[in-house]
Structure formats: C-alpha cells, structure tokens
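Read the structure below first, then the notes.
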Amino acid sequence: LIIVGGLVVFCLFILPAIFFFVVFGVVKNKVTDVATEQTVGGLIESATGGKVQVDANGKEITVKGQDGTEFSSSQKLPSDWPTSVPIYSPYTVTGSFKASDNGKTGWNVATETSDSYDKAKSGLASAYAGWTKESEYESNGTTLTAYENPTYNVLVSISQPSESGKKVTINYTVTQK
C-alpha cells in the first residue's frame, strides 16, 4: 500500500512538477534569448541610428549604419571585398568592418591561419609582389607592411600567436584611393 501510494504521489505531483520545471526552463531560455537580442539590438540601434541585425543563434552580429558603415562578426569576407586585394590562404575570417565616405570605401578584415608566422609572412610577400611596398616594420612577433597599387592602399599586420596552440592572426586594412 505504501508503494502504491508513493507511486500515486510520484505520478500525480512529482512527475508533473519535474515536467513543468523542464518545460518552463526551456521556454524561459528561449524567451530570454529573444528578449536579449531585441534589447541589445534596440540599444545599438538607438545609440548609432543604424539598422541592427542579430542572428538567432547568437554567433553572428551585423551592424549597419545609415551612412553605409558596417561591422560584422561574420566569418566571411565582405561581399564587396576587392578581388584584386590578396588574402593569405588558408584563412578563417574572425571579423570585418566596412565604411564609406565621399564615395570611397574602406575595409578591415581580421583573419587567422594555422600556418606558421614565417610561412604566412613569406606567402603574403609573394602575393603582393606586383604591388609597391611603401614600408615595413617588425617587432616582437608582429610585422606591419604597407602596400599600394593605383586603386588601393593596404596595411597588412601579421602577428605570431601569444600562446602555444593559438593561430597566427592577419589583419588587412584596405582603403580606396
């Protein structure tokens, strides 16, 4: 009789309570995620006057200003990236920024590669062989090199990883002339 009574209590009270808390937790998390996206998006939009897009999975954020300025945490090159500007490969894009002013566009793209610092540095020097090298500075595992051609100025920064197991980072800042 005690076992039957315990089973009844379990089935009538405990099991529904567990179900309620599980379902409530899932719904609460989803509502919280949506509310967070809308709140953060609204704050950024209000502060910048821009259009804000936050993807549903929370892994990618794109902020577009009314003036054409665009920031993205997307792991893709911007769709209008100039194809004549070399990018070291293999790479993964970790973020990008684009701004336009007076009909000229500038881009900044951050990438990382699993290749060594020396291999990336050599590969980029080869890729920019047809460009004019304006300057180069190297210190403490980072190289900054400025290139130009008739259409673009490019500043390339290559940095060695600060910790073992991390990747080499390469940053490109490109401006139209």
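- Looking at every heavy atom in both residues, Val156 comes nearest to Val154 through CG2-CG1, 3.7 Å.
- The shortest side-chain heavy-atom distance between Pro161 and Val168 falls under the 4.5 Å cut-off.
- Remark: Glu136 engages Lys133 in a salt bridge (charged side-chain N to carboxylate O under 4.0 Å, His left out) (not counting sequence neighbours).
- Under the salt bridge (charged side-chain N to carboxylate O under 4.0 Å, His left out) criterion, Lys104 pairs with no residue at all, not counting sequence neighbours.
- Here the side chains of Lys98 and Asp80 are in contact, with some heavy-atom distance below 4.5 Å.
- In this structure, the side chain of Ser96 does not engage the main chain of Leu77 through any donor-acceptor pair within 3.5 Å.
- Side-chain contact between Tyr152 and Lys177: absent, with no pair of heavy atoms (C-beta onward) separated by less than 4.5 Å.
- Put simply, CD on Glu148 and OG1 on Thr175 are 9.5 Å apart, with the number rounded to the nearest 0.5 Å.
- Taking both residues in full, the closest heavy atoms of Pro86 and Ala127 are given as CG-O, 3.5 Å, listed atom of the first, atom of the second, then distance.
- The side-chain hydrogen bond (donor to acceptor under 3.5 Å, both in side chains) contacts involving residues 159-172 comprise Thr142-Ser159, where partners must be two or more places apart or lie in separate chains.
- Criterion: ILVMFWY side-chain heavy atoms under 4.5 Å apart, direct or through other members. Under it, Phe97 and Val109 are not part of a common hydrophobic cluster.
- Criterion: ILVMFWY side-chain heavy atoms under 4.5 Å apart, direct or through other members. Under it, Leu155 and Trp107 are not part of a common hydrophobic cluster.
- For the ring pair (Phe, Tyr, Trp, His ring centres under 6.0 Å) test, residues two or more places apart in sequence or in another chain that qualify with Tyr128 are Trp131, Tyr147.
- Here side-chain hydrogen bond (donor to acceptor under 3.5 Å, both in side chains) pairs that include residues 117-126, with residues two or more places apart or in two chains, are Tyr117-Glu138, Tyr117-Thr143, Lys121-Glu138.
- Between Thr105 and Gln176, the shortest heavy-atom distance links the atoms N-OE1, 2.6 Å.
- At a threshold of 4.5 Å between non-hydrogen side-chain atoms, the residues Ile170 and Leu124 count as touching.
- Note: the hydrophobic cluster containing Val174 does not contain Leu144 (ILVMFWY, side chain heavy atoms under 4.5 Å, direct or indirect links).
- Residue pairs meeting the side-chain hydrogen bond (donor to acceptor under 3.5 Å, both in side chains) criterion with at least one partner in residues 82-93, sequence neighbours excluded, are Tyr88-Asp115.
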